[in-house]
S.K.: 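One structure follows; several queries about it will come next.
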Amino acid sequence: MSEGFYTVIMGVRDFLKEYFHGFWDYETPKMMVIKNRPLGVIYRAVQFLVITYFIWYVFISQKAYQESETHPESSVYTRMKGKAVHGDDVLDNVEYSHPPEGVDVISTILRREFTYDQRQGTCPEHFSVDNANCTLDSDCFPGLPNFDSHGIRTGRCVQYHNYTFKTCEIMAWCPIEQYAVVREPPLVEAINFTLFIRNSIHFPKFKVFRVNIESPPGIKTKKYLKKCHYHEEKAPYCPIFRLGYIANQARENFTELCRTGGVIGVFINWDCNLDLDPSHCKPTYTFRRLDPRKDLADSGYYYRFAKYYDKNGVESRTLIKAYGIRLDIIVHGQAGKFSVIPTIISTVTALTSVGICSIICDWIMLTFIDKNEVYSERKFDEVSKKVKEPIDTIRTEFSFISSFGSNHSDLSDGVPL
């Protein structure tokens, strides 16, 4: 065995032996009073920040002393109401509301485009479709060329209605929408239509059930709902909203919505502190546009449907493209109530976090202040059971230690650094 290898083995053995004996050592913090004004200011400032954070944010704002429930059970029922004169017709909610009532998503038609008397047959493709323009039949391949087409190509090149140019012929519902569409003016009277939202919420953990409808004392709920409109302060329990109010709260122009349509989210938030009476658990409403803005190509909201009928023994239809407002009712809820366990956990966490102040100040002291290592020599001591403490009191330049073995040291500003 070479001398170098033996040296390595012995070094490893000594290291493991020292580690084994050191593993069973007990470390205890040593109390030192350091009379250094800047360090004391930093210590108290950090303490103030930590304590303020836990008192104001953790306990007051976040209510960490409460047991919480964030997934309540919720139900939503909606109904649209209003009448409008449009041309020679009187429209009610059956005409413009889809579905008429009952779900958490409801839409209102604000503008319509009609394509009348469509029948199954052949007609020229619209010239705006890619590769629709032609001069010969060979320019039109039979079949469906792309998804923008209104039908299936027959392979013929025909004159585009009364125009001089030609496009490929298609089999479809003719005439096609882009050629024969008739646009109606917007339904501006819809600004006064009302939306009724009934929302009930249940917190199973706390056995609390709340509804967003409550009439004033002495007035029946049915009678109250016939006259009231929602107001954040005066009528918070009257969930009836004008469409104009919803658009205004979402910061949208109602006239522009009539033109392009849009999707608006109605957010109902229940934030309940059940340490108080459940009557203080009230809903709040916010409104926000959910679809892309009008500067994008796919903005707005519209859909198509058709009304079918028989005309002279031939099946016909009227195609309707409807622009409108779609309202998505989205419910959020959370409730909290005092509980011993989260209170203990939060309190222990707060007390433990105060120890960060000492760690920060120790690092500042040993890194920036203790240039001559005076503090570090007094902070880190090694005490062995075999060493017998002297009976007499020993007075040193740095500290005063009694015969009882006090571990309290007082380092003043007079210590040379």
S.K.: Tell me if a side-chain donor or acceptor on R304 pairs with a main-chain N or O of I320 at a distance below 3.5 Å.
M.R.: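 Not at all, since once roles are kept as given, no pair shorter than 3.5 Å links the two residues.
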S.K.: Tell me whether D275 is salt-bridged to K337, with the criterion being a basic N under 4.0 Å from an acidic carboxylate O.
M.R.: no
S.K.: Taking the six-membered ring for Trp and the full ring for Phe, Tyr or His, determine whether the centres of F267 and F287 are under 6.0 Å apart.
M.R.: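 No, they do not, as the ring centres are separated by 6.0 Å or more.
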S.K.: Identify whether the distance between the nearest side-chain nitrogen and carboxylate oxygen of K205 and E69 falls below 4.0 Å.
M.R.: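 No, no charged N to carboxylate O under 4.0 Å.
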S.K.: Please confirm whether K81 makes a cation-pi placement over F196, using NZ or CZ under 6.0 Å from the six-membered ring centre and within 45° of the ring normal.
M.R.: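 Geometry flag: not set, cation outside 6.0 Å or 45°.
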S.K.: Please round to the nearest 0.5 Å and tell me the distance separating atom CD1 of I197 and atom CE of M80.
M.R.: 9.0 Å
S.K.: Are L257 and R289 side-chain neighbours, meaning at least one heavy-atom pair lies under 4.5 Å?
M.R.: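 SC-SC contact between L257 and R289 confirmed.
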S.K.: If you measure only the distance, is there a donor-acceptor pair under 3.5 Å linking the side chains of T135 and D139?
M.R.: yes
S.K.: Checking R317 against W173: charged group under 6.0 Å from the ring centre and within 45 degrees of the axis?
M.R.: yes
S.K.: With a 6.0 Å cut-off on ring centres, are H229 and F241 close enough?
M.R.: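 For H229 and F241, the ring centres are not under 6.0 Å apart.
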S.K.: Calculate, to the nearest 0.5 Å, the distance between atoms CD and CD1 belonging to Q47 and I51 respectively.
M.R.: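 One finds 5.5 Å between CD of Q47 and CD1 of I51.
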S.K.: Does F127 have its ring centroid less than 6.0 Å away from the ring centroid of F165?
M.R.: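 Distance test on ring centres: under 6.0 Å, yes.
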S.K.: Is the distance from the ring center of Y160 to that of Y163 below 6.0 Å?
M.R.: yes
S.K.: Looking at residues at least two apart in the chain, or sitting in another chain, which of them share a side-chain hydrogen bond (donor to acceptor under 3.5 Å, both in side chains) with K220?
M.R.: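 Testing K220 for side-chain hydrogen bond (donor to acceptor under 3.5 Å, both in side chains), a comparison that skips the adjacent residues, returns none.
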S.K.: Please identify which of these residues, H280, Q66, Q334, K63, meets the side-chain hydrogen bond (donor to acceptor under 3.5 Å, both in side chains) condition with N273.
M.R.: Q66
S.K.: Do the side-chain sulfurs (SG) of C140 and C157 come closer than 2.5 Å?
M.R.: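 No, because the SG atoms of C140 and C157 are not under 2.5 Å apart, which misses the disulfide cut-off.
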S.K.: If you measure from CD1 on I109 to CG on L187, what distance do you get to the nearest 0.5 Å?
M.R.: 9.5 Å
S.K.: Give, for atom SG of C238 and atom OH of Y230, the distance between the pair rounded to the nearest 0.5 Å.
M.R.: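 Output value for this atom pair is 10.0 Å.
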S.K.: In terms of side-chain geometry, is the basic nitrogen of D117 or R119 positioned less than 4.0 Å from the acidic oxygen of its partner?
M.R.: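 Between R119 and D117 there is no salt bridge, as every charged N stays at least 4.0 Å from the carboxylate O atoms.
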S.K.: Please determine whether the number of non-hydrogen atoms from other residues, nucleotides or ligands lying under 6.0 Å from atom OH of Y57 exceeds 12.
M.R.: no
S.K.: Regarding K321 and Y323, is there a side-chain donor-to-acceptor distance under 3.5 Å anywhere?
M.R.: yes
